[in-house]
Amino acid sequence: MVEIVGVGFMKAGKTYYFDPKGIKFELGDMVIVETARGLELAHILIPNKMIPEDELVAPLKAVERKASDEDLRKYRENLGKRDDAMRVCAEKIAKHGLEMKLIDVEFMIDGSKIVFYFSADGRVDFRELAKDLAGHFRNRIELRQIGVRDEAKMLGGIGICGRPLCCSKWLHDFHPVSIKMAKQQNLSLNPTKISGTCGRLMCCLNFEDKTYRELRKGMPKDNERVETPDGLAKVVNVDYFNGKINTRGIEIDPETGEEIFSQEIKSFTKDEIKRRSKKGKRANDNEDAELIEDAELRALEEMMSDF
């Protein structure tokens, strides 16, 4: 077992493990830790805790110290310089004619570096801009390009649900979200209705995906033919939360062999129906329809990546 503390560097940021070096920390304590970017101010998210050594993916770095009054004063001083640094950088971006959107600026607590965060549609050659900024601030400059989801996380905002963005409040990590999740939840596939403020698929589509996958197990799909206590029927829709399968009875016209659908809709449970085995032309038609649907969903997902 190894003793660790979990620290965070920003609101709703990811939790990182550090070695407390035997010092007792409380939730919310401000600490100074060393990262790849230098010394940074962080806060304790997980107090001292023992975890199995196999849960660690790399050797732990140690917490340097608890943040002093001087560290906090320096941090507030850096925050006071943020607006001026943003203004200067924005002016120089315009001067160099670069297609980039400035998002935020961060001063390292030890004054070793200034990091500017920006978003852009593609790669940006910012070498001349970095030289210009270094000459102005007399400091090391790092320009870091971030994605639109990280941009939304930094800036915050209100989602279509009327609540603050999950990513800016509590969501630590971004997980893959697919258009198929919206399809399985019977949501509109209109990109404007299932996209977040960042323009990408809403993260909350992922929250209920596991529940829907469990509810869909053994359930037929819409338009599938099933055997019911009343005979052959076509699935109209499935009410997953109530476990009901709504169907229309099917009769075969003896002269034409065509299917005639009943106007009455009957509901059955999963245990009351029997799914037909995938044989013959009907099965091939269903499989072809599924392949076409998957291709259409992939095409829509690719389109939304540029939305």
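The first residue in the sequence is number 1, and the count goes up from there. What you see is a predicted model, and the numbers here were worked out from it, not measured in a lab.
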> Do we see a donor-acceptor contact under 3.5 Å between the side chains of Asn237 and Asp222?
Replying inline: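 The answer is no; no qualifying pair exists.
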
> Between the side chains of Asn190 and Thr192, does any donor sit under 3.5 Å from an acceptor?
Replying inline: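 Per modelled atom types, Asn190 and Thr192 side chains form a pair under 3.5 Å.
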
> Which residue pairs pass the ring-ring contact (aromatic ring centres under 6.0 Å, His included) test when at least one of the two sits in residues 63-97, sequence neighbours left out?
Replying inline: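 Sorted result for residues 63-97: empty, none.
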
Minimal non-hydrogen separation, [X] against [Y], with atom names:
X: Lys21; Y: Glu64; result: NZ-O, 4.0 Å
X: Ile179; Y: Leu201; result: N-CD1, 3.6 Å
X: Pro20; Y: Val5; result: CB-CG1, 3.8 Å
X: His175; Y: Asn206; result: CB-ND2, 3.2 Å

Salt bridge flag under 4.0 Å for residues [X] and [Y]:
X: Lys61; Y: Asp19; result: no
X: Asp209; Y: Arg213; result: yes
X: Lys74; Y: Glu77; result: yes

Which residues share a side-chain contact (heavy atoms from CB on, under 4.5 Å) with [X], sequence neighbours left out:
X: Ala120; result: Met100, Phe118, Val124, Gln145
X: Asn242; result: Asp239, Lys244
X: Ile160; result: Met202
X: Pro59; result: none

Counting N and O atoms only, with roles assigned by atom type, does the side chain of [X] sit under 3.5 Å from a partner on the main chain of [Y], one being a donor and the other an acceptor?
X: Arg65; Y: Val31; answer: no
X: Thr247; Y: Lys266; answer: yes
X: His43; Y: Gly8; answer: yes

>> Run the ring pair (Phe, Tyr, Trp, His ring centres under 6.0 Å) test on Phe116 and Phe126 for me, step by step, so that the C-alpha distance in whole Å, both residues' side-chain angles and the decisive distance to 0.1 Å come before the verdict.
In response: CA-CA 11 Å; Phe116 292 90; Phe126 50 70; over 10 Å; no

> So Phe241 and Tyr212, ring pair (Phe, Tyr, Trp, His ring centres under 6.0 Å) or not? Walk me through it.
Replying inline: CA-CA 9 Å; Phe241 289 102; Tyr212 273 92; 5.5 Å; yes

> Is the NZ or CZ atom of Lys81 both under 6.0 Å from the centre of the six-membered ring of Phe137 and within 45° of that ring's axis?
Replying inline: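 No, Lys81 does not lie over the aromatic ring of Phe137.
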
> Among Lys274, Glu272, Arg275, which residue meets the side-chain contact (heavy atoms from CB on, under 4.5 Å) test with Glu227?
Replying inline: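 In the set Lys274, Glu272, Arg275, the residue that makes a side-chain contact (heavy atoms from CB on, under 4.5 Å) with Glu227 is Lys274.
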
> Atom NZ of Lys234 and atom CD1 of Ile250: how far apart are they, to the nearest 0.5 Å?
Replying inline: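 The CD1 atom of Ile250 is 7.5 Å from NZ of Lys234, to the nearest 0.5 Å.
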
> Do any pairs count as a salt bridge (charged side-chain N to carboxylate O under 4.0 Å, His left out) and have a residue in residues 94-114, sequence neighbours left out, and if so which ones?
Replying inline: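 Every pair satisfying salt bridge (charged side-chain N to carboxylate O under 4.0 Å, His left out) with a residue in residues 94-114: Arg37-Glu106, Arg82-Asp104, Lys95-Asp132, Lys101-Glu151, Lys113-Glu142.
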
